[in-house]
Every structure is written in structure tokens, then in C-alpha cells.
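Indexing begins at 1, ligand by ligand and atom by atom, following the structure's order.
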Amino acid sequence: QVPLKPGRSLMDWIRLTKSGKDLTGLKGRLLEVTEDELSKHNKKEDCWICIRGFVYNVTPYMEYHPGGEDELMKAAGADGTDLFDQVHRWVNYESMLKECLVGRMAVKPCAALKGELLFHISHQIPEDEILVKLKTFIILVVLSELLTLNLVFKSTNYDWFQTDSLITIVIYTKQKDMNADLVIVDCQDKQLRGEIIMDDHSYLVEIDLDHAVSEDVAVNIAERVGKVEIILKKKDNVHWKNLGQPSEGHNTFIKRTDRGLFYRKCKLVSKTEVTHDTKLFCLMLPKGTHLRVPTGQHVYLKHIVAGTEVVKPYTPVLPFLPLDFQEPPCHDGVHIYLMIKIYSHGLFTQALDHLQIGDYISVSNPEGNFKKSQVQTSEDLLLLAGGTGFTPMVKLLNLALTEVSCLRTVKLIFFNKTEDDILWRNQLEQLALKDERFEVQFILSQPSKDWIGKQGKISPSLLSEFVKRSRRDSKVLICICGPAPFTEQGVQYLKDLGYSQEEIHAFTA
Ligand code: FAD
Ligand code: NAP
């Protein structure tokens, strides 16, 4: 993120888009844009970008882009889809850039190649060059046909059967170590959507069911053989002739980044204070949803703010840390807990703070690239958190202290501005007393004069003081999360101290 000029916040952008001003300069016309035309609009004062086949004039948006003008200019006059997907595929650009829409791209790559071929033939270009182009063209056409028919790269398939009262959909993933975190099911009314995560791909079953089912959905997993069963209860005990009408994405196995984010509406059931500006929100999943957010992953919340859909990421926590005298943290699969700092000028958090108990908010499927196995094979776990960068550490602490027996030391180094900002200080201190493997160090950047603990900002000297291996050759994992510059600097200092890339995990968007 870069500092934006005053009057250039997301809220200001939303206001501008609603002002009726002609932001494309086309007076409401939509164009068919050729690649040649697109490439001409490559300057800051005249900048068009293509995302998923749609072309936007982003010049009016330049000063409002949180990532800065230079980031946007990387895709000026070109297809920015890959760049966009790498950085923020979750941003609802269709809604944010609606008023900047110039039109659609006119030609598809295959058609363009075909055109080029004809050009080569008609202009007597040497034969071997034409041959290469021709081969590429044929491969592209065959591949795209096969992909449409879903015949390539897909070994997962499904089957279904019924009894008088139940419908069972069986998915054979052929993947070992399948588990409940990897299966996301939503069944509302007659719509069934089941997504099975397999590394960076996912398999989807999406059907408009033939008959009504109750909201009680069960998921059974045979972990070792990778078989997943989705069991639905029939509302009427009639015999189904077929399962239902498949949707476009049904029975596909594709890259997760190529699937749109799926959201379901969750009910706000409680909101409790954690500190003067941070609250614990408890959301309840709909009855027909089976969703667990794995350790180290985040979800996206979507809400309409000032008439525009706004999406922001949040990392689910547990209701409390693993302390004996409390119930074990509930993995009831029904509630999602979010610890959220409310910013006095924050666009989204102000809207969240105004939600009433019983209100609904949309929650996405989980995302993130952290793997549990990174902790399960470590002997020393070091967690560096800045402010709400503490949130991924909550599930990590729970996992480390309750499930990983090879861990010898777990240390949290928690950076905050003041004592009042420290999240769950009491619980952290109690956890340190309870479990001798766990140690917590609070470091304040703006302490009051009464603070007798450590003070300062993340720095090489503070890190070399607190980040240490318990043995010379012990296997270490260092996780870091906080404001973006905090995380970036922290990673650099750790590398300077001799820790390798594999030993560091930085939580980012
Ligand atoms: P914004 O409107 O974005 O503003 C936030 C503050 O920054 C305000 O004070 C605003 O005035 C100021 N500001 C905004 N943009 C600029 C700018 N360009 N220049 C100068 N000042 C600016 N947060 C949590 O509380 N809990 C979580 O669990 C959590 N998880 C996250 C997980 C991930 C993967 C990521 C990337 C972020 C996470 N966040 C979390 C942060 C969260 O997504 C939002 O960024 C945060 O809630 C602020 O949103 P907002 O719309 O209210 O604030
Ligand atoms: P904060 O209270 O503003 O800051 C926490 C600590 O970090 C303070 O000591 C602060 O010191 C220090 N800090 C802030 N900016 C710094 C910088 N540029 N260099 C070095 N130290 C810096 O933090 P917050 O408001 O809670 O914000 C937490 C951040 O974590 C948000 O940006 C959020 O997006 C991010 N987050 C990310 C994830 C994820 O998974 N990626 C999850 C949760 C939260 P001073 O301000 O006094 O300098």
C-alpha cells in the first residue's frame, strides 16, 4: 500500500462513481476493443487495462488505487488479468470499476492466431514459419476443446445413489490425506455446491437438485482412500429419477484461482470487546454449510457500503486460547470467530461495527498458502505479530500446543503501540504459566512512562535478542504477520540474521 492523497480514499472513490460523472470519456458507449487499440492507451493520462476480457479506463482511478499508480501502470494498455489475480483476485473490481468500463475485447487468442496465420499465408512468409504457427494453432484448438469437455487433468469423478430417505453423493478424489478442512459444502433450498480442495486445484459438484432436501447435510470422509460422501436428507420420500440440473461449473477440476470466490450469508450472533478498539465477532454459518477454516488461512467478508460491494480479508481465530480451565476451543464447525480492529476512519470496519446481532454478512471460502505440515515438523516455533497480525497466531498456538509433540519451544513476540492495545494479554500470560514450552514477549513502540517491559520497533537488534534456536541445529519455523512494512522489514532482518526462506512464513494478502 502507498499513502494516498487526502480525498482519495475508497469512500471518496465510491462517491465519485456515484456522482454521474463520465469516467470513461465515452458518454456511456461500450466499445469492442482490439488488442491494437488497447495497446495505444498506455499512459497515465490515458490508461486502459483488460481484466478477464473486459476493458476499463483506469485513469480516473489512478490516485485512488491503494497499491499506487506504478502498480496499475504495469498493466497499462495490456491484459492485466494475471497481475490482478496475483495481487488481489478477491477485489470485486467489477463493482468498483463499473463506471470505468470501456467495453469487451474483440478477439480471442485463437482467433487472433488464425488471423495471423492467414496473414502469413497471404503474405508468402516462409513455409516452416507457417508450419510452426499452424501446429501451435491446432494444439491450442484441441486443448481448448478438451478443456471444455473436461477431459484433461481430471481424474476425480463422482457418483450418487439413494435410499428411501437419503441421497448420497460420492466423490472419488484419489487423493490420500483427504480431510474435513478440504471439503466445503453449501446446500440451500435446492442448490447444492460441494468443493473439494486438492492443493492449488479444486473439484466442484454444483447442482440444482431434482427435489427438496432438508438443511441437515452430513459429510463423511474416508481419509486414506480419499473418498468423500455428501449425505442429504430427502424432504419427501420420493424416488429421484436423476440428481438434478448441473450448473456450468459442475464436475470440473480446475485451478482454485480460476474459480470465483463463493460466499454464503452468515448471521452475527455475538460481538464482544477485546480491547478499546478491537472486538470479537462470532458469526454462525447457515445450517446447510460445512466449512472449516484451516490454521493460517483467511476468509473474505463482503458487505454493501454506501451502495457498493466492498470485500476485505480477515483471519478467523478461536474463541479463546487453549487454557485448561476453559472448554477446549470449539471446532463445532458452526461458528466463525473474527477478532477485528475498528478504525475510526475505516470504511469496512465502521460498517462492521454498525452490524446488529442477528444481521447477516457474506463470508467466502478460505484462502491462504500456509501448510499445517510446516509446524508439524518443527522443533522451535517463533511467532512475530504486530497489532491484529496476532490473529493467525491464535490457531497456530492452539495447533502447536495441543497437537504437535515434536515442538520444544513456542515463543510469541508481540509488537504493539501501547499496553492498552495488547490483545488477549491476560490469556497469553496464563498460557505461558500453564505450558512451559510457551513464552510471550510484549514489545511496545509508544509505551507510557510506567511500562517496564521492552520497547521499540521491529529491528535487527530486537530480533537477534529474541529469535533464537533452542539448539544449534534445531528445526525452526518463524511466522510473521502485521502491518505490511512491519512484515517486509521483519522478513529482511530475519534473512540478514541467517534464517532461510524455508524457515520463514509471512502472512500477507
Ligand atoms: P480502511 O478504510 O482501509 O482504513 C484503515 C485505516 O488506515 C484508517 O485509519 C484509514 O484512515 C487508514 N488508511 C487506509 N488507507 C490508507 C492509505 N492509503 N494511506 C493512509 N492511510 C490509510 N484485520 C483485523 O482487524 N483482523 C483480522 O483478522 C485481519 N485479517 C487480515 C488478513 C489478511 C490476509 C489481510 C491482508 C488483512 C487482514 N486484516 C485484518 C486487515 C483488514 O483486511 C482491513 O484492512 C482492516 O479491517 C481495515 O479495513 P477498513 O476498510 O475498515 O479500513
Ligand atoms: P498497529 O497497532 O498500527 O501496529 C502494531 C505494531 O506494529 C506497533 O508497534 C507499530 O508501531 C508497528 N508498526 C506499524 N507500522 C510499522 C512499520 N511501518 N514498521 C515497523 N513497525 C510498524 O497495527 P494494526 O492497526 O493492528 O494493524 C495490523 C496490520 O496487520 C494491518 O495492516 C492488517 O492488514 C495486518 N494483518 C494482516 C494479516 C494477514 O494475514 N496478512 C492478518 C491480520 C492482520 P508504530 O505504529 O508505533 O510505529
Side-chain angles (χ1 to χ4, degrees), residues 1-14 63-69 71 87-88 90-91 274-281 293 295-303 305-306 308 310-318 336-354 364 366-370 383-396 413-423 442-447 454-459 462-463 479-493 505-509:
Q1 290 216 333
V2 299
L4 298 172
K5 289 185 200 154
R8 294 293 181 267
S9 70
L10 180 53
M11 193 62 200
D12 295 314
W13 172 250
I14 292 173
E63 293 191 344
Y64 298 81
H65 184 230
E69 296 185 3
E71 243 351 87
V87 187
H88 32 221
W90 49 275
V91 171
V274 176
T275 63
H276 63 105
D277 61 5
T278 302
K279 293 183 181 169
L280 188 67
F281 290 76
V293 184
T295 301
Q297 296 203 9
H298 51 269
V299 293
Y300 296 96
L301 296 188
K302 185 167 78 176
H303 195 59
V305 185
T308 295
V310 180
V311 176
K312 294 263 164 139
Y314 293 94
T315 313
V317 296
L318 298 166
I336 291 185
Y337 292 89
L338 297 165
M339 194 186 270
I340 298 181
K341 176 163 168 177
I342 313 295
Y343 294 89
S344 53
H345 295 102
L347 180 73
F348 199 72
T349 51
Q350 280 299 320
L352 277 181
D353 200 28
H354 283 89
S364 79
E367 290 224 322
N369 55 9
F370 183 81
L383 309 173
L384 307 178
T388 56
F390 172 60
T391 51
M393 311 308 177
V394 172
K395 284 195 182 184
L396 262 170
I413 303 149
F414 197 178
F415 295 80
N416 283 284
K417 286 188 163 84
T418 70
E419 258 183 289
D420 292 343
D421 296 326
I422 303 175
L423 302 164
F442 301 114
I443 303 180
L444 301 182
S445 53
Q446 300 172 28
K454 271 275 163 198
Q455 54 178 289
K457 284 187 179 219
I458 195 158
S459 66
L462 274 176
L463 292 187
C479 297
I480 180 162
C481 187
F486 166 94
T487 306
E488 282 156 24
Q489 286 166 29
V491 168
Q492 191 51 52
Y493 298 151
H505 182 89
F507 290 95
T508 52

Residue list, side-chain contact (heavy atoms from CB on, under 4.5 Å) with A306, at least two apart or on another chain: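 Checked A306 against side-chain contact (heavy atoms from CB on, under 4.5 Å); matches are M11, I14.
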
- prompt: In terms of residue, atom name and distance, what is the protein heavy atom nearest to atom 40 (O) of ligand 2?
  reply: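 The closest one turns out to be F507 CB, 3.5 Å.
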
- prompt: Where is the nearest protein heavy atom to atom 27 (O) of ligand 2: which residue, which atom, and how far?
  reply: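 So the nearest neighbour among protein heavy atoms is Y343 OH, 3.4 Å.
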
field: Partner residues of T487 under the side-chain hydrogen bond (donor to acceptor under 3.5 Å, both in side chains) criterion, sequence neighbours left out
entry: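 For T487 there are no side-chain hydrogen bond (donor to acceptor under 3.5 Å, both in side chains) partners, ignoring immediate neighbours.
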
field: ligand 1: protein residues within heavy-atom distance under 4.0 Å
entry: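 Heavy-atom contacts below 4.0 Å: V2, P3, L4, H298, K312, P313, Y314, T315, M339, I340, K341, Y343, H345, G346, L347, F348, T349, T388, T391, T508, A509.
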
Would you check whether [X] has a nitrogen or oxygen atom less than 3.5 angstrom from a nitrogen or oxygen atom of ligand 2?
X: G482; result: yes
X: T391; result: no
X: T388; result: yes

If only atom types and distance count, is the side chain of [X] paired as donor or acceptor with the main-chain N or O of [Y] below 3.5 Å?
X: T391; Y: T388; answer: yes
X: Q350; Y: Y343; answer: yes
X: K341; Y: G387; answer: no

- prompt: Does the protein place any heavy atom closer than 4.0 Å to atom 12 (C) of ligand 2?
  reply: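 It does not; no protein heavy atom is within 4.0 Å.
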
- request: Taking ring-ring contact (aromatic ring centres under 6.0 Å, His included) as the test, write out the residues that go with F281, two or more places apart.
  value: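 ring-ring contact (aromatic ring centres under 6.0 Å, His included) check on F281 returns nothing, list empty.
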
message: Below 4.0 Å from ligand 2: does a non-hydrogen atom of T315 turn up there or not?
response: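 T315 counts as a contact of ligand 2 under the 4.0 Å cut-off.
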
Closest to atom 48 (O) of ligand 2 among E488, K457, K312 (heavy-atom distance):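 The option holding the nearest heavy atom is K457.
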
